Amino acid sequence: MRSLVRLSILILLAIWCANPAVAHPAPFSYLDVRLAPSAMTGTLVLHDFDVAHELGLPTPDALIENATLQPYAPQIAALVQARLTMIVDGRELRWDITGIRALPDRSAIEVAWRVPLTDPVGHLTVHAALFPYDSNHQTFVNLYEGDLLTRQDILSAQRATAEYYTGSRQGALAVFKAFTAAGIHHIAIGPDHILFIIGLLLLGGSVLRLLGIVSAFTLGHSITLSLAALNLVAPPARIIEPAIALSIVYVGADNLLSSPGARDVRAWIALFFGLVHGFGFASVLREIGLPSRALGISLFSFNLGVEIGQAIIVITVASLLAVVRTRSPKRAQQLVTAGSILVMAAGAYWFVQRIW
């Protein structure tokens, strides 16, 4: 009797799994983007099951043939235009749907589209969140320049945006602008890097001297940033992040222990610890994504942005310290002591936080 019940359950399960009305196809969409000087064209292929769900249809049967699909074409066009965004050189494009047809052999719908261009594309951003009801859905992207496939990517709920830089002059310029800004931004939002630099500046010196010290820091982190970005050396973050915190502690302690008239070795300290901080900068570039066709430009411009951010800090802090020293040398020394203790305390706090 038990065997008969088990057999009946297995048969029912088999029938249920085989029912096409409830079977969900692989959760994929396919986007082809073709770049040309005068236009950007392409196709977007969607499973009819997903489209039927978004349109509120009980089954995708009405989407299988062109004749029954066309009444739903305006709704499909509005759906994809709302959920697939393309931005060219900072400007969001309104792309035109040039055709919608059924692909019965693939249980899919193909949406053809076109965007007229007045200038060659430098930087393209694609954002796809086509079917948010399915957290497993992925969009496979193929990008062509002319007839050459130059980039493939996969967009998902976890990573819905891809950045692409073309191999043109406009693409190189877009890389330079984007990564220079990223370098400045990273310094501006990185309190550990800022505090390390301020620690180096507290003992004072001319603006040129201080810029030289910070440039040594840039040289150090440029070396390891390049090595890590090219995947030649990749120490784990659990080592690098606490080491960055310790470098801040060291700078503060060195300020307190330095005696008047001693040789100024801050440039060497900056160079050495710059090698450590460079691995921290590399994690930022991994998140941004280095354009493979413009590696040199992206690394140079990111480092340039970091140097610009550091120069702003140097000029600001050096000017303030110079004003304090001119008005009251004693107050300036108190500021150095208090600032160095603060730098050490912050570095120690970050070290404990990052270890645990």
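The structure presented is a predicted model; accordingly, all values stated were derived computationally and were not measured. Every heavy atom of this structure was used, including side-chain atoms; hydrogens, water molecules and symmetry mates were not.
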* Asked: Minimum heavy-atom separation for Ala243 to Val276, with atom names?
  -> CB-CG1, 3.8 Å

* Asked: Is there a donor-acceptor pair under 3.5 Å between the side chain of Thr43 and the backbone N or O of Val111?
  -> no

* Just checking, is any N or O donor in the side chain of Glu307 or Ser215 under 3.5 Å from an acceptor N or O on the other one? -> yes

* Heavy-atom neighbours of Asp147 CG exceed 12 at 6.0 Å -> no

* Would a distance-only check, ignoring hydrogens and angles, find a side-chain to backbone donor-acceptor pair under 3.5 Å from Arg266 to Leu200? -> yes

* Asked: Is there a path from Val306 to Ile313 through hydrophobic residues (I, L, V, M, F, W, Y) whose side chains come within less than 4.5 Å of each other?
  -> yes

* **Nearest atoms (heavy-atom pairs only) where Phe131 meets Val51** => CE2-N, 4.0 Å

* Can you tell me if Asn303 uses its side chain to pair, donor with acceptor, with the backbone of Leu299 under 3.5 Å? -> yes

* Structure fact -> Test ring-ring contact (aromatic ring centres under 6.0 Å, His included), reference His221, set Phe302, Phe196, Phe281, output is Phe281

* Asked: Is there a donor-acceptor pair under 3.5 Å between the side chain of Ser328 and the backbone N or O of Val324?
  -> no

* To do: Test Ile87 against Leu93 for side chain to side chain contact (heavy atoms under 4.5 Å, CB included), laying out the working first.
  => CA-CA 6 Å; Ile87 300 172; Leu93 299 178; over 6 Å; no

* Asked: Can you tell me how far the CD atom of Gln70 sits from the CD1 atom of Ile100, to the nearest 0.5 Å?
  -> 7.0 Å

* Structure fact -> Nearest heavy-atom approach of Arg325 to Leu202 is NH2-O, 2.8 Å

* How far does CG of Leu143 sit from CG of Asp153, to the nearest 0.5 angstrom? -> 9.5 Å

* **Contact summary for Ala245 and Arg354, nearest pair of heavy atoms** => N-NH1, 4.0 Å

* To do: Take Tyr133 and His53 through the ring-ring contact (aromatic ring centres under 6.0 Å, His included) test and state the conclusion after the steps.
  => CA-CA 9 Å; Tyr133 85 96; His53 178 276; 3.7 Å; yes

* **Common cluster, Leu44/Ile97, ILVMFWY with side-chain heavy-atom separation under 4.5 Å** => yes

* To do: Starting at CZ of Phe176, measure out to CZ of Phe300 and round the result to the nearest 0.5 Å.
  => 6.0 Å

* **Pair Phe217 + Phe273: ring centers closer than 6.0 Å** => no

* Is it true that the NZ or CZ of Arg151 lies under 6.0 Å from the centre of Tyr164's six-membered ring and within 45 degrees of the ring axis? -> no

* Atom CG in Asp134, atom CZ in Phe28: separation rounded to 0.5 Å? -> 10.0 Å

* Can you find a pair of side-chain heavy atoms, one from Val45 and one from Ile109, that are under 4.5 Å apart? -> no

* So with a 6.0 Å cut-off around OH of Tyr144, is the heavy-atom count from everything else above 12? -> yes

* Asked: Can you name the nearest heavy-atom pair linking Ser156 to Gln138, along with the distance?
  -> CB-CG, 4.2 Å

* **Distance-only donor-acceptor check, side chains Glu163 and Thr125, under 3.5 Å** => yes

* **Heavy-atom check, side chain of Val214 versus side chain of Leu210, under 4.5 Å** => no

* Can you list the steps and then say if Leu335 with Arg331 is a side chain to side chain contact (heavy atoms under 4.5 Å, CB included)? -> CA-CA 6 Å; Leu335 180 61; Arg331 185 65 59 83; 5.8 Å; no

* Asked: Please walk me through it: do Asp32 and Val141 pass side chain to side chain contact (heavy atoms under 4.5 Å, CB included)?
  -> CA-CA 6 Å; Asp32 281 1; Val141 181; over 6 Å; no

* Side chains of Val336 and Gln333: does their closest heavy-atom pair fall under 4.5 Å? -> yes

* Asked: Side-chain contact, heavy-atom cut-off 4.5 Å: His193 with Leu195?
  -> no

* Between Tyr30 and His47, what is the ring plane arrangement, given parallel below 30°, perpendicular above 60°, and tilted in between? -> perpendicular

* Asked: Any chance the side chains of Arg94 and Gln81 put a donor and an acceptor closer than 3.5 Å?
  -> yes

* Asked: Can Val317 be reached from Met344 by stepping across I, L, V, M, F, W or Y side chains whose heavy atoms are under 4.5 Å apart?
  -> no

* Do you reckon Phe351 sits in the same ILVMFWY cluster as Ile248, going by side-chain contacts under 4.5 Å, direct or chained? -> no

* Please check if atom CZ in Phe272 has more than 12 non-hydrogen atoms from other residues, nucleotides or ligands closer than 6.0 Å. => no

* Asked: Would you say the side chain of Leu155 lies within less than 4.5 Å of the side chain of Thr161, judging by non-hydrogen atoms?
  -> no

* Asked: To the nearest 0.5 Å, how far apart are CG in Leu35 and CG in Leu148?
  -> 11.0 Å

* For Ile355 and Val352, run side chain to side chain contact (heavy atoms under 4.5 Å, CB included): C-alpha distance rounded to whole Å, both residues' side-chain angles, the deciding distance at 0.1 Å, then the answer. => CA-CA 5 Å; Ile355 285 292; Val352 173; 5.8 Å; no

* To do: Verify the distance criterion only: is there a donor paired with an acceptor across the side chains of Ser29 and His137 at less than 3.5 Å?
  => yes

* Going from CG on Asp89 to OH on Tyr165, what distance comes out if it is rounded to the nearest 0.5 angstrom? -> 10.0 Å

* Would a 4.5 Å heavy-atom cut-off, applied to side chains only, mark Trp350 and Pro191 as touching? -> yes

* Asked: So, the side chain of Thr68 versus the backbone of Ile64: is there a donor-acceptor pair under 3.5 Å, distance only?
  -> no

* **Path from Val265 to Val343 over hydrophobic side-chain contacts below 4.5 Å** => yes

* **Trp95 side chain vs Leu84 backbone, donor-acceptor pair below 3.5 Å** => yes

* Look at the side chain of Asp96 and the backbone N and O of Thr98, then say whether any donor-acceptor pair between them is shorter than 3.5 Å. => no

* Asked: Does the side chain of Val251 come within less than 4.5 Å of Ile269's, by heavy atoms?
  -> yes

* Donor-acceptor pair, side chain of Arg159 and main chain of Ile154, under 3.5 angstrom -> yes

* To do: Report yes or no: does Ser340 contribute a side-chain atom to a donor-acceptor pair with the main-chain N or O of Asn255 at less than 3.5 Å?
  => no

* Taking all non-hydrogen atoms of both residues, which atom of Gly146 and which atom of Arg34 are closest, and how far apart? -> O-NH1, 4.0 Å

* What residue pairs, at least two apart or across chains, pass salt bridge (Lys or Arg N to Asp or Glu O under 4.0 Å) with a residue in residues 207-232? -> Arg209-Asp264

* Does any non-hydrogen side-chain atom of Val233 lie less than 4.5 Å from one of Thr224? -> no

* Asked: Hey, is the main chain of Gln152 close enough, under 3.5 Å, to the side chain of Asn142 for a donor-acceptor pair?
  -> no

* CD/Gln334: more than 12 non-hydrogen atoms of other groups inside 6.0 Å -> yes

